[in-house]
Structure formats: C-alpha cells, structure tokens
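Working notes for the structure below.
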Amino acid sequence: MPLVRPFRTSFGTETDRDVILVRVRTPDGDGWGECVAMSEPGYSSEYVESAQLVLRRHLVPRLLAAGDVSASRVAEVLAGVRGHPMAKAALEMAVMDAELRSTGESFGEALGAARASVECGVSVGIPASIDELIEQVDGYLAEGYLRIKLKIEPGWDIEPVKAVRKTFGDQLALQVDANASYTLDDGEALGALDGFNVLMLEQPLAEDDLTGHARLARRIGTPICLDESIGSAKMAEAAIELGACEIVNIKAGRVGGYLEAAAVHDLCYSLGVPVWCGGMLETGLGRAANLALAALPGFTLPGDTSASDRYFLKDITAPFVMHDGLLDVPTGPGLGVSPDIDTLTKVTTAVEEIRSR
Ligand code: OSB
Ligand code: MG
C-alpha cells in the first residue's frame with residue numbers, strides 16, 4: 001500500500017507498506033490479523049519475508065495441529081517456536097477476532113478498555129530540511145494531533161527539536177524517537193535535549209542495552225521510554241527495575257500479541273509506570289486493535305495511533321477519522337471493522353492458503 005509520504009527513520013525509509021494479513025477460517029467464522037513486520041529487518045530482526053516463512057512453515061502448522069484452540073491458548077501453542085513475535089501476534093489476533101465476532105464481544109471489551117475514544121499523536125519521519133519539518137508539523141497540528149513525535153538520529157536531533165519548539169511554543173507536547181541510533185558516547189547531544197522540555201526520549205540505545213539506558217537515565221533529565229527493548233512483560237519488569245526507562249511504548253506485534261500487550265500494560269499499571277500505544281504504520285485492521293488496547297486505563301499518554309489518512313490515501317477498511325484529536329474505539333464484534341474486499345484485492349500482491357488436511 002503506497003504511503004502518503006515517505007517515512008524515514010534512523011533505520012531506513014518506507015515508501016510503501018508491504019504488509020501480511022492473516023485470515024483464519026474457523027468453525028465459529030472468520031477472523032483477521034495483521035503482521036506489523038516491516039519490509040526490511042531494520043527496526044526488528046523480523047521482517048515481512050521472515051514472518052511469511054515462519055507462519056507457513058512453523059506457526060500455522062502448529063496451530064492447525066493443535067485443533068480447536070481459543071485465542072487465550074494461541075501463545076502457549078506457538079511457544080515452542082522461539083522469537084518471531086510479530087508473526088505470532090498476527091495469528092493470535094486473527095483467532096481472537098474470529099472468536100470475538102462469534103460471541104459479539106469487541107476487542108476493547110475483551111482487553112479491558114476503559115474509555116470510548118483515544119488521544120492521538122503523530123510520528124513525524126526525518127524530512128529533507130528543517131523547513132519541510134516545520135511545514136509537516138504545522139499541518140499535523142492543524143488537523144488536531146495532540147502530541148508530536150520527531151524521529152531523530154545523530155546529526156538530526158537538537159536542531160529540529162529547537163526549531164519545532166521555537167515555532168510552536170512551550171505548550172506543544174513534543175517527544176523524540178531515536179530507534180536505537182545512539183551510543184553512550186553521544187550522552188552530550190542527548191543531554192542537550194534537557195533544555196527543550198521534551199516529554200521523553202524513546203529508545204536512544206541498542207535493543208539489548210538495558211544497563212546503558214539505566215546509566216543514561218542517571219545522566220540526563222529527559223525521561224527515557226523504551227520501545228525495541230521491550231519484548232514481553234518480563235522484559236518490561238527488568239527494564240523498570242533496572243531504571244532503564246520511566247515510560248513504556250507498547251506494541252502488540254513486538255511482544256507477541258494483544259494479550260501479552262495487555263499483560264505489559266497490567267504490569268506497568270501496577271507499578272505506576274505510564275504507557276502509550278506505539279504504531280507500525282498499520283492498516284485499519286491493526287489500527288482497530290491498537291485503539292482498543294490504547295483505551296486501557298494505564299495508557300495515559302497519547303500514542304502513535306494516527307488517523308488512516310496520515311498513512312494511506314485509501315485504507316483497506318473504512319478510514320479512521322480523527323475528531324478533536326481523538327479516534328473512537330470500535331465497538332462492533334471483534335475488531336469492529338473488516339477489509340473492503342475490492343480495495344483489498346486491488347493492493348493484494350500474493351495470497352497463500354494453508355489448510356488443515
Ligand atoms: O519506532 O515507533 C517506532 C513505525 C515503524 C517502525 C517503528 C516505529 C514507527 C513509528 C510510526 O514511529 C508509528 C505509526 O504512526 O504507526
Ligand atoms: Mg519507536
């Protein structure tokens with residue numbers, strides 16, 4: 001699916017969203033899941049082709065062999081396969097959608113949503129110039145976004161933050177995301193963020209560097225939020241206990257599914273650690289589930305749950321449209337939205353069917 005504008009981060013540029021959707025057909029009915037893996041292994045080791053392969057060769061066969069499996073048991077059935085959380089999450093999401101559609105319960109109800117709408121932020125990629133950045137941020141603010149996240153990398157950090165602060169003022173809710181592009185030697189540049197009242201610095205260091213994040217946290221004033229480092233509730237617990245982060249970005253794909261995402265939320269909520277819902281340039285399907293998740297009580301910060309038109313000219317579901325900076329949590333059975341088959345067919349590049357004998 002073509003993106004409305006290229007999305008550049010410290011790990012690469014996306015111009016199209018190449019995405020695997022999973023449709024399960026069960027005796028209870030059908031369900032849809034979305035795999036958030038990107039086209040290249042830049043954000044995570046998982047990527048589209050690895051997810052496709054592990055689904056085909058390992059995950060779907062195990063799920064089919066296990067017979068009638070409820071969503072609550074999918075993770076357990078797939079646990080013999082190490083890693084591949086995004087592929088696993090897509091499968092669990094599809095089974096959960098089928099199950100909930102048959103009982104009439106929504107994703108929000110099933111996960112424990114506490115509100116009917118969610119506050120929206122927007123993640124702004126690295127543009128060609130400061131002028132272009134200001135123009136993009138200006139456009140997003142005019143649309144009503146309540147929080148701006150700037151992608152940063154070494155050489156594109158203090159200047160853009162300074163320019164955005166200067167142009168839009170002290171009241172703007174502003175945060176930055178480094179996608180693991182710094183080292184502890186860059187402490188000086190990261191410390192300079194302290195002067196700009198940035199809400200948080202997301203994932204400055206490598207995914208496996210919890211002690212580095214804890215050390216950095218003691219040196220700088222800006223709160224650290226972790227994204228890539230948090231692969232499960234257990235890892236969130238370790239990061240928090242070490243002092244590696246004060247805030248957690250929750251992405252269901254990164255932690256192996258919406259049920260584990262809710263468990264990360266529950267842990268953080270019990271420890272008083274604020275969380276917010278991350279995004280992976282999802283279609284309307286993943287967006288629907290993210291909105292349900294973001295409605296849980298511990299999601300106290302606006303997430304990267306932007307409107308459909310921030311990503312796509314034409315989404316595969318009815319578009320999610322923002323009103324007053326909010327998106328409504330779908331209330332219908334399961335995800336509450338379905339792909340428009342004509343639209344889906346137009347963007348489909350391959351279909352693969354796997355049957356139980
Ligand atoms: O680090 O949060 C990230 C998109 C793809 C991969 C990683 C990230 C992102 C975003 C965009 O920041 C969030 C969104 O709007 O979906
Ligand atoms: Mg991030």
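Ligands are counted one by one from 1 in listed order, and the atoms in each one are counted from 1 as well.
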- [ ] Sort out for me which residue in Arg73, Lys88, His84 forms a side-chain contact (heavy atoms from CB on, under 4.5 Å) with Leu78.
- [x] Lys88

Task: Protein contact to atom 16 (O) of ligand 1 [nearest heavy atom, distance to 0.1 Å] - done: Leu281 N, 2.9 Å

Open item on the list: So, 2.8 Å as the limit: is an N/O/S atom of Asp227 located closer than that to the Mg ion (ligand 2)?
Closed with: yes

Open item on the list: Using a strict threshold of under 4.0 Å (side-chain N to carboxylate O), is an ion pair present between Arg56 and Glu352?
Closed with: yes

Task: Note, Leu111 side chain near Leu259 side chain (heavy atom, < 4.5 Å) - done: yes

Open item on the list: Would Ser306 count as a polar contact of ligand 1, with the cut-off being nitrogen or oxygen pairs under 3.5 Å?
Closed with: no

- [ ] Looking only at non-hydrogen atoms, find the nearest pair between Asp328 and His323 and report the distance.
- [x] OD1-NE2, 2.9 Å

Open item on the list: Show the atoms of ligand 1 that are less than 4.0 angstrom away from any heavy atom in Lys151.
Closed with: 1 (O), 2 (O), 3 (C), 8 (C), 9 (C), 10 (C), 12 (O)

- [ ] Taking only Lys NZ, Arg NE, NH1 and NH2, and the carboxylate oxygens of Asp or Glu, determine whether Lys346 and Asp342 approach each other closer than 4.0 Å.
- [x] no

- [ ] Give the residue and atom name of whichever protein heavy atom lies nearest to atom 15 (O) of ligand 1, and the separation in Å to one decimal.
- [x] Tyr311 OH, 2.6 Å

- [ ] Specify whether Tyr43 and Phe11 have parallel, tilted or perpendicular ring planes, treating 30° as the upper limit for parallel and 60° as the lower limit for perpendicular.
- [x] tilted

Task: Under-4.0 Å heavy-atom contact with ligand 1, by part of Gln203 that carries it - done: neither

Open item on the list: Just to confirm my numbers, could you give the angle made at the Mg ion (ligand 2) by OE2 of Glu202 and OD2 of Asp177, rounded to 10°?
Closed with: 90°

Task: Per-atom contacts of ligand 1 with Phe11, taking only distances under 4.0 Å to non-hydrogen atoms - done: 6 (C)

Task: Asp177 contact mode with ligand 1 (heavy-atom cut-off under 4.0 Å) - done: side chain

- [ ] Number the atoms of ligand 1 from 1 as they appear, then name those within less than 4.0 Å of a heavy atom of Lys149, with their elements.
- [x] 2 (O), 3 (C), 12 (O)

- [ ] Identify, by atom number and element, the atoms of ligand 1 in contact range of Asp227, meaning under 4.0 Å from any of its heavy atoms.
- [x] 1 (O), 2 (O), 3 (C)

Task: Heavy atom of the protein closest to atom 4 (C) of ligand 1 (residue, atom name, distance) - done: Phe7 CE2, 3.6 Å

- [ ] Could you tell me whether Arg8 and Glu153 have a side-chain N and a carboxylate O separated by less than 4.0 Å?
- [x] yes

Open item on the list: Testing Thr222, Asp209, Ile224 one by one against Leu216 for a side-chain contact (heavy atoms from CB on, under 4.5 Å), which residue passes?
Closed with: Ile224

- [ ] Give a yes or no on whether a salt bridge exists between Asp194 and Arg219, defined as a side-chain N under 4.0 angstrom from a carboxylate O.
- [x] no

Task: Close-contact set for ligand 1 against Glu202 heavy atoms, below 4.0 Å - done: 2 (O)

Open item on the list: Side chains of Ser308 and Asp315 only: does a donor on one sit below 3.5 Å from an acceptor on the other?
Closed with: yes

- [ ] Kindly confirm or rule out an N or O of Tyr43 lying under 3.5 angstrom from an N or O of ligand 1.
- [x] no

- [ ] State which residue, out of Val122, Ile148, Thr167, fulfils the side-chain contact (heavy atoms from CB on, under 4.5 Å) condition with Val137.
- [x] Ile148

TODO: Provide the number and element of each atom of ligand 1 under 4.0 Å from a heavy atom of Met280.
DONE: 5 (C), 6 (C), 7 (C), 16 (O)

Task: Those atoms of ligand 1 less than 4.0 Å from some heavy atom in Lys251 - done: 1 (O), 2 (O), 3 (C), 7 (C), 8 (C)

Task: Distance from atom 1 (O) of ligand 1 to nearest protein heavy atom, with residue and atom - done: Asn179 ND2, 2.8 Å

Task: Protein contact of atom 13 (C) of ligand 1 - nearest heavy atom, named by residue and atom, plus distance - done: Gly279 O, 3.4 Å

